[in-house]
Protein chains: 2
Amino acid sequence: MEEPRELLQTLARQFGLLNKTCCQISGVDISLIHSHILYEIGRQDTPSMQKIAERLGIDITTFSRQIQSLIKNKLVKKTASPEDRRVYLLSLTTEGKFVAASIDKIMDDYLDDVFSFMNDFEKETVMRSLQLLNMSMQKSKMCCTPMG
Amino acid sequence: MEEPRELLQTLARQFGLLNKTCCQISGVDISLIHSHILYEIGRQDTPSMQKIAERLGIDITTFSRQIQSLIKNKLVKKTASPEDRRVYLLSLTTEGKFVAASIDKIMDDYLDDVFSFMNDFEKETVMRSLQLLNMSMQKSKMCCTPMG
DNA sequence: GTAAATACTTGTAAAATGCAAGTATTAATT
DNA sequence: AATTAATACTTGCATTTTACAAGTATTTAC
């Protein structure tokens, strides 16, 4: 089957991941990576730097500087862990939570729009398929860095 | 439904698009963007610069320099169009074709591995779902830059 | 109690980015 | 036919991003 490659390639592009600029929320420019970082911090309980960087597959030194920039923009807070003082725990500030929620809203609207072209059955099938695909990608030994 | 956002977010990450380094083929380092450019040139008939840049959603000035780098690496050729001398037509060199084919191979292997966790019915369903999703994304007015 | 490992930061140099302003060519207007 | 506007692409910046190597600080292992 020749199709899958074309599909994935297009899909990857559809996500808009090639262009760096993500969005502007309440006057602050949010890059794509910042949005991913905010998303992940938001749904974890005071994760360490390592944890988020690893989850996103970003080099830890690059991540360190990205976090510095997010802190400068007052979207993220860094607290020394009381248990292990090498570790810094990350959390969203009030403004960070607001920005993360705004991005969620944008994405939800987008997804609503995308799914509006499907009937309920198709919607359900697509969702299950994406789940299955995600799981399979995770199972694959080549996962996440087929190109790395 | 809360799930779609999480699914898409994860899926986007699974594609490994956050990390820039793509692969090394016959001694040449290929960045993620280069691989996308090679892919698109490869499946179009001597497209113009504009066309590829637009399709990939890359700023034309950035693209211009990326092409320069690909030409320096002897992967891409730029020919002045005889019809409109403002236009440059892009094509892959022999080496460029080889590199593009190598990337195809890597991706195909990856996809084979991913689909090996599914039975034929699931495989078929997932493929159809991705197709439907792609089409719906294209139909959406917000397409391609929900964050732009 | 010293060595090794871990978590994170900084120096630096290379690459990528995008706006503004440029060149060259073609199309549109008068 | 001559000027203007539009298009296709390039270059000059100044900024941002990147990742390797080398650093600090703390904790774990022996």
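Between A:Asp59 and A:Arg85, the residue whose closest nucleotide on DNA chain D is further toward the 5' end is A:Asp59.
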Sugar-phosphate or base contact per nucleotide [nucleotides 5-12 of chain C; S, B, -; heavy atom under 4.0 Å]: BBSSBBBB
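In this structure, B:Gln66 does not reach the C:dA15 phosphate: none of its side-chain N or O atoms is under 4.0 Å from OP1 or OP2. When the side-chain nitrogen and oxygen atoms of A:Thr62 are compared with OP1 and OP2 of D:dT17, none of them lie within a distance under 4.0 Å.
Atoms CG (A:Leu32) and P (C:dT17) sit 12 Å apart, rounded to a whole Å. Rounded to whole Å, the distance from CD1 on A:Ile30 to C1' on D:dT16 is 15 Å. In this structure, CG of A:Leu70 is placed 14 Å from P of D:dT16, rounded to the nearest angstrom. For the pair B:Ile58 CD1 and D:dT10 P, the interatomic distance rounds to 14 Å; values are reported in whole Å.
Remark: B:Asp120 engages B:Lys123 in a salt bridge, criterion side-chain N to carboxylate O under 4.0 Å.
In this structure, the separation between CZ on A:Arg55 and CZ on A:Arg43 is 9.0 Å, given to the nearest 0.5 Å.
Not one N or O on the side chain of B:Ser64 forms a donor-acceptor pair closer than 3.5 Å with the backbone of B:Ile60. Listed for the A:Asp84 side chain is a donor-acceptor partner under 3.5 Å among the backbone atoms of A:Arg86.
Residues passing the side-chain contact (heavy atoms from CB on, under 4.5 Å) test with B:Ser129, sequence neighbours excluded: A:Thr125, A:Val126, A:Ser129, B:Thr125.
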Salt bridge (charged side-chain N to carboxylate O under 4.0 Å, His left out) between B:Glu95 and B:Lys74, worked out: CA-CA 7 Å; B:Glu95 202 184 329; B:Lys74 297 191 200 308; over 6 Å; no
